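Not measured: the values here are computed from a predicted model. Order of listing sets the numbers, starting from 1, for every ligand and every atom in it. All values below were derived from every heavy atom in this structure, side-chain atoms included, with hydrogens, water molecules and symmetry-related copies excluded.
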Amino acid sequence: MTPTDRVEELREQIRHHECLYYGLDAPAISDAAFDALTRELKDLEAEHPELVTTDSPTQRVGGKPKEGFAKVAHSRPMLSLDNVNSEEELRDWDRRVHELASSPRNGEKSGDIRYTTELKLDGLSLALHYQPEKPGEAGADGPSRLVGALTRGDGTIGEDVTTNVRTIRSVPLSLSAARLQAAGLPRTFEVRGEVVMPISAFLRLNEEREAQGLSPAANPRNAAAGTIRTLEPNVVAQRRLDFYAYFALENGETILPGQVETLDALAAAGFRVNPHREALATVEDLIAFIKRAEQQRADLGYEIDGVVIKVDSTAQQLRLGFTGRAPRWAVAYKFTARSAVTRVDDIRVQVGRTGKLTPVAVLSPVSIGGTTVSRATLHNADEIARLGLRIGDTVLVERGGDVIPKVVEVAPDTSEDEKHPRERREFHFPSACPVCGSEVVRAQGEADYRCVNVDCPARLRESLLHFASRGVMNIEGLGEAVVSQLMERKLVASVADLYGLDEEDLRSLQHTVFRKDKKSGEIEEKVQALLGPKDRRALLNEIERSKQTPLNRVLFGLGIRFVGDKTAQLLAEEFGSLDALMNASAEQLEHVNEVGPRVSQALRDFFDEPRNRELVERLRQVGLTFTAEKKQRSSQLEGLTFVLTGTLPCLSREDAKARIEAAGGRISGSVSKKTNYLVAGDDVGSKLEKAVSLGLPVIDEAELLKLLG
Ligand code: IVH
């Protein structure tokens, strides 16, 4: 093959995999294999500079914008909202809206106002631009594609973050003309909405950051904003951001006659639209919506900081207009802050299952959003230094969703404080483990101190609790109280000892029970009670059942550094058995997606340690099966028949066919009543007509990939 041919071939392959990876978030090859292709192309281009073209994937550095982000003007300014903080202020606002809308000049009566209520998502706003592939040219029925995504910036000029936004699954990359028409949207249009980081993704991100010795992100909004502005699209792809649409514009103007219609149209077109939305007319109804939203807040899975109320009618919006920086036709009802000021009474140090020492602030109890908070994490010694925190300081504490409360700021000394000086003490990080007294060390480049004693009781206790937890062996009944007593009585000194327990061992143990009010069923108090015969048998049954826990979970339960549930899952899938994994070389380990030198070293360190091998052996002897779950892939399309038509954006015909068949599906050349799905790309022919006439489901490539998982 000539270099010219090979260069072309490589470019095609790289584009294909970029499309799968960045566009559809469905990579088909490992990062290492992708890098190898790029490297080969780069080398060839270096040898033959005459072959370099501007559209070569090497010129984008793997989809990465080279430096910063381009600045682009918005079609119309992205404004902010005025806030109201109480029912009274909301009533005033509603009155003003009615007055302005009903002024004689407008000939409108006050009763005519209808509102749309939405949640105020706590993320950052984005403007997405869609247009048909080749505007002007033929393409009368070609799809509209995402051509630009801008951050709010200063409101007038935003930053072009398209490459990153393309990795967000809930942002459609292409929308068929038919779908847009059915939704009542033009083919060239703009969507505005909010990008948020789900709380689960936020917690995971912070776990990772902590494992890497980095300081944690302050809240999901900052994490989302930071993510959207990173220069690494593949990092963005891993962070699982979500986009919720709320406006549809054409040349900067609202397209549809009302906000409710806009939200429905966006949903019909395939955008994610927040389901918590209502059309309401009276202030009483608005207040009821706000109260409901406040109650739902903790269970949403993402952060909201209020409710947005918009005048529904576009015509009325135009009449009401804007004040300097915000529309008169919309307002944000802000929830009470999720933060409070209190005093740090003490700082204690906890020891985790990896031996990590975490400082925790003991607070004068304070109520934040209805929950009493008396502890807040301080993460590590650097964080205490960064805050300049001393014991006795007054601090601002924040709590969000199910995020652990944390100290965000130390209040400056006030004059009142000077008159009544309060005792403040510097906190010195302990040089010995507060639980076992062993030495603590801080590895180079890491933020955390660790207890060096592998037998530290705190480590054992936390390891047992982790092992028994829901996401791992799921041993119900093995909570903090029982674990502590098992350790005190020297019945358990390793997770393997759990499997040697008998009824006699459990006889004198106490557990925490909740005494409920007989009538109302409400919890009255927590009490300690002896484990009854039923409880003892139930616990032993739970332990017995846990022997069948699949390999990936056991692996997670072993508490190997950097091996979280996801990595454990990938490792179990790749190696299939614990023995294969234990004996794998660093090279074999790094073959697994997401396993780099750091993780492979941690795995090698763990399995090279004789004590750990011994532990695994004991677990095997007591009956753990370590069974690997089958890869989910093979059969999810079993019994389904697909027909392909047109050119798909990423996959070639052969690829699509191979993937469908690998998942158990069947490919047929013609559409019939037996067809389950028609997969349609661009330039489709008569197959589409036939499928539509038969009422068969027609899906695009993205939907096919979703089916393929
Ligand atoms: S409407 C001019 N709707 O809140 C209209 N904004 O404080 C402004 N936000 O910059 C946007 N959820 O980032 C609207 N359902 C929602 C929203 C929302 C969150 C954000 C948005 C905006 C900020 C204004």
Side-chain angles (χ1 to χ4, degrees), residues 74-85 89-90 93 97 115-128 149-159 161 165 170 190-198 219-225 228-229 241-249 252-256 258-267 271-280 286 289-290 292-294 296-297 300-314 316-318 320-335 337 400:
H74 287 298
S75 64
R76 103 170 174 207
M78 288 182 88
L79 301 176
S80 58
L81 292 168
D82 282 334
N83 294 332
V84 289
N85 295 301
E89 286 178 23
L90 180 65
W93 177 79
V97 166
Y115 295 114
T116 307
T117 46
E118 297 166 32
L119 299 183
K120 187 167 187 313
L121 306 164
D122 200 6
L124 64 148
S125 44
L126 284 183
L128 311 181
L150 306 179
T151 61
R152 179 169 181 272
D154 65 4
T156 311
I157 293 174
E159 284 179 316
V161 288
V165 169
S170 39
E190 177 181 347
V191 173
R192 290 188 179 178
E194 198 85 353
V195 64
V196 297
M197 182 177 282
N219 53 48
R221 176 174 21 86
N222 285 6
I228 276 293
R229 298 190 72 262
L241 296 173
D242 258 334
F243 176 79
Y244 290 94
Y246 50 65
F247 284 143
L249 308 176
E253 303 290 343
T254 304
I255 301 167
L256 295 163
Q259 178 63 9
V260 169
E261 279 147 301
T262 299
L263 295 176
D264 289 345
L266 287 166
F271 288 90
R272 180 171 293 190
V273 174
N274 199 284
H276 302 278
R277 56 182 199 265
E278 272 173 49
L280 303 169
L286 297 180
F289 180 91
I290 291 164
R292 279 198 298 281
E294 214 154 8
Q296 290 160 338
R297 187 178 186 185
L300 293 168
Y302 47 83
E303 293 266 27
I304 60 170
D305 57 347
V307 164
V308 180
I309 299 149
K310 299 172 184 168
V311 169
D312 185 74
S313 148
T314 307
Q316 283 173 337
Q317 288 181 4
L318 284 170
L320 286 161
F322 300 85
T323 63
R325 49 166 213 114
R328 282 200 198 89
W329 46 265
V331 79
Y333 182 99
K334 292 276 269 204
F335 289 150

Considering only heavy atoms, does L81 approach ligand 1 within less than 4.0 Å through its side chain, its backbone, both, or neither? both

Part of N83 within contact of ligand 1 (heavy atoms, under 4.0 Å): neither

Could you work out, for atom 22 (C) of ligand 1, the closest of Y244, F322, Y246, W329 by heavy-atom distance? Y246

Among R221, R152, E194, E118, which one puts a heavy atom closest to atom 20 (C) of ligand 1? E194

Going by distance alone, is a donor N or O of one side chain under 3.5 Å from an acceptor N or O of the other, for Q259 and E118? yes

I need the atoms of ligand 1 closer than 4.0 Å to a non-hydrogen atom of [X], numbered in the order shown.
| X | result |
| --- | --- |
| K120 | 4 (O), 7 (O), 12 (N), 19 (C), 23 (C) |
| S125 | 10 (O), 13 (O) |
| F247 | 1 (S), 5 (C), 11 (C) |

For the CD1 atom of I290 and the NZ atom of K334, what is their distance to the nearest 0.5 Å? 13.5 Å

Approximate separation, where rounding is to 0.5 Å, of W329 CH2 and L318 CG: 9.0 Å

Distance-minimising heavy-atom pair for N85 and Y333: O-OH, 4.0 Å

For the student: nearest non-hydrogen atoms of V260 and D312, plus distance: N-OD1, 2.8 Å

Parallel under 30°, tilted from 30 to 60°, perpendicular over 60°: which one fits the rings of Y302 and Y244? tilted

Side chains of R192 and R76, heavy atoms from C-beta outward: is any pair under 4.5 Å? yes

Looking only at protein heavy atoms, identify the closest one to atom 12 (N) of ligand 1 and say how far it is in Å. L121 N, 3.0 Å

heavy-atom search around atom 3 (N) of ligand 1 in the protein gives K310 NZ, 3.0 Å

Lys/Arg-Asp/Glu bridge criterion (N-O < 4.0 Å) met for D122, R297: no

So, does [X] sit close enough to ligand 1 that a heavy atom of it is under 4.0 Å from the ligand?
| X | value |
| --- | --- |
| P327 | yes |
| I304 | no |
| R192 | no |

Check this for me - ligand 1, L119, N or O atoms closer than 3.5 angstrom, yes or no? yes

Determine yes or no for a side-chain-to-main-chain donor-acceptor pair under 3.5 angstrom, with H74 supplying the side chain and T151 the backbone. yes

